[in-house]
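Everything below concerns the one structure shown next.
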Amino acid sequence: MSNDVSNVDSRKSWIRQPIVVVLGHVDHGKTTLLDKIRGTAVTKKEPGEITQHVGASIVPASVLRKVAEPLKKYFPKVKIEIPGLLFVDTPGHELFSNLRRRGGSVADIAILVVDIMEGFKPQTWESIQILKERKVPFIVAANKIDRIPGWKSNPDQPFLETIRKQSPHIVNRLEELIYRLISQLYEAGFMAERFDRVKDFRTTVAIVPVSAKTGEGVPELLALLTGLVQRFMKKRLVTSDEPGKGVVLEVKEEPGLGTTIDVIIYDGVIHRGDTIVVGGKDKPIVTKVRALLMPRPLQDMRAHEGKFVSVEQVVAATGVKISAPDLDDALAGSPIFVVSSEDKLEEYIKLVREEIESIRIKTDNI
Ligand code: GDP
């Protein structure tokens with residue numbers, strides 16, 4: 001695993017990738033947007049850079065730089081200090097509810113996707129409610145602008161470029177549709193504005209008009225996520241080579257490996273052979289990491305080699321598959337901690353037990 005850590009003094013501590021989730025109503029374009037972002041990451045990355053994690057994808061800093069290049073004339077000051085953005089691959093509520101962390105969410109920031117032609121729908125309101133409860137800041141992707149009748153598509157261009165090429169009545173129509181979103185966000189308790197008109201990003205939600213299909217507006221979406229986390233979340237993103245902390249996204253049977261867990265490591269480091277504590281159906285599970293598995297790069301795929309490569313260690317932020325004994329009863333949504341020393345084991349078990357209890361209480365109350 002390599003992380004670009006050129007922006008910090010030593011390997012002892014670094015700024016990790018912010019963890020980004022995508023939420024919104026069904027069919028509003030969450031999957032298409034994630035596909036578009038992943039596609040951009042793959043085509044624009046430097047040779048050798050890894051973009052695929054287990055359950056997540058990285059847009060590396062090099063790609064963020066390239067994508068932001070045409071925006072320089074609008075936002076000259078954006079300097080990229082994070083090593084990239086980590087997108088959780090599965091969009092929607094269910095996965096998001098598994099991303100719990102003490103006092104909030106493992107997600108650092110979210111994209112709320114709204115079909116601009118439809119406006120808010122039931123799951124849009126629900127998504128906002130969940131984001132509010134977990135205190136996760138978000139931006140709105142006002143998606144499917146290419147479906148505004150008469151829209152002229154300019155694939156992959158910044159929104160601020162493509163809008164200049166539309167006729168005045170299309171621009172007006174877009175403004176009306178954005179205004180509807182602003183009103184709906186107000187009803188949900190948020191001030192909102194089109195991103196280029198926001199004066200204070202701490203009090204106002206930014207709306208970025210995009211097309212997940214043509215890629216228009218995606219440059220601004222990525223630049224805005226980067227700008228916001230760098231300005232308001234840098235402290236939260238500092239991590240160090242301490243025992244890793246994560247959350248279980250999914251519990252999965254894998255041929256030849258038995259039960260494995262897909263986890264997001266949001267803090268610290270995890271090594272092969274580490275003792276871990278993870279939440280189980282009846283009680284916390286204490287086990288040892290047998291293998292840390294990352295997706296095998298496409299070019300190395302051979303039928304007999306399997307889908308994964310084993311690595312010695314991974315550092316935050318990473319999506320990784322863990323193979324270990326006794327994971328059959330592991331729970332999705334539970335915390336996972338690397339045990340720093342055997343005499344602290346009881347402390348970690350207590351911590352996991354408490355977190356699982358609090359998840360249970362919350363879920364029972366819904
Ligand atoms: P999800 O349920 O939110 O993940 O939505 P999908 O990504 O599956 O999209 C639902 C449908 O809308 C699919 O047929 C997509 O091709 C289409 N779609 C998504 N984004 C856009 C867009 O920006 N423009 C247009 N024209 N269609 C889109």
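The structure displayed is predicted, hence computed values, not measured ones. Counting starts at 1 for both ligands and their atoms, following the listed order.
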message = Using the rule given for side chain to side chain contact (heavy atoms under 4.5 Å, CB included), can you reason through Leu225 versus Val20, listing the C-alpha separation, both sets of side-chain angles and the distance that settles it, and then say yes or no?
response = CA-CA 9 Å; Leu225 288 170; Val20 189; 4.2 Å; yes
query = Are Glu118 and His28 close enough that a side-chain donor and a side-chain acceptor fall under 3.5 Å?
reply = yes
task = Classify the ring geometry between Tyr348 and Phe337 as parallel (under 30°), tilted (30 to 60°) or perpendicular (over 60°).
result = tilted
remark   = The protein heavy atom nearest to atom 24 (N) of ligand 1 is Asp146 OD1, 2.7 Å
key: atom 20 (N) of ligand 1: the protein heavy-atom neighbour that sits closest, reported with distance to 0.1 Å   = Asn143 ND2, 3.2 Å
ask   = What residue and atom, counting heavy atoms only, is the protein's closest point to atom 23 (O) of ligand 1, and at what distance?
value = Ala212 N, 2.9 Å
key: Any N or O of Arg147 closer than 3.5 Å to N or O of ligand 1   = no
task = Mark up the atoms of ligand 1 that fall under 4.0 Å of a heavy atom belonging to His25, in ascending order.
result = 3 (O)
remark   = atom 2 (O) of ligand 1: closest protein heavy atom, distance to 0.1 Å, is Asp27 N, 2.7 Å
task = Could you tell me whether Arg202 atom CZ has more than 12 heavy atoms of other residues or ligands within 6.0 Å of it?
result = no
key: Within-cut-off N or O pair, Gly29 and ligand 1, under 3.5 Å   = yes
query = Under 3.5 Å, N or O to N or O, is Pro91 touching ligand 1 that way?
reply = no
ask   = Is there a protein heavy atom at a distance of less than 4.0 Å from atom 7 (O) of ligand 1?
value = yes
ask   = Any chance NZ of Lys283 has more than 12 other-residue heavy atoms, nucleotides or ligands included, within less than 6.0 Å?
value = no
key: atom 21 (C) of ligand 1 - nearest protein heavy atom and its distance   = Lys144 CG, 3.6 Å
task = For atom 28 (C) of ligand 1, state whether the nearest protein heavy atom is under 4.0 Å away.
result = yes
query = Would you say Arg38 and Asp89 make side-chain contact, with heavy atoms under 4.5 Å?
reply = yes
ask   = So, do Phe201 and Phe195 have ring centers that fall under 6.0 Å from each other?
value = no
inquiry  = So Val339 and Ile276, do their side chains get closer than 4.5 Å, heavy atoms only?
reply    = no
request  = Counting heavy atoms only, name the option from Val210, Thr32, Thr214, Ile145 that's nearest to atom 15 (C) of ligand 1.
outcome  = Thr32
note = Only one of Tyr186, Phe190, Trp125 passes ring-ring contact (aromatic ring centres under 6.0 Å, His included) with Phe120, and that residue is Trp125
ask   = Starting from atom 4 (O) of ligand 1, which protein heavy atom do you reach first, and at what distance in Å?
value = Thr31 OG1, 2.5 Å
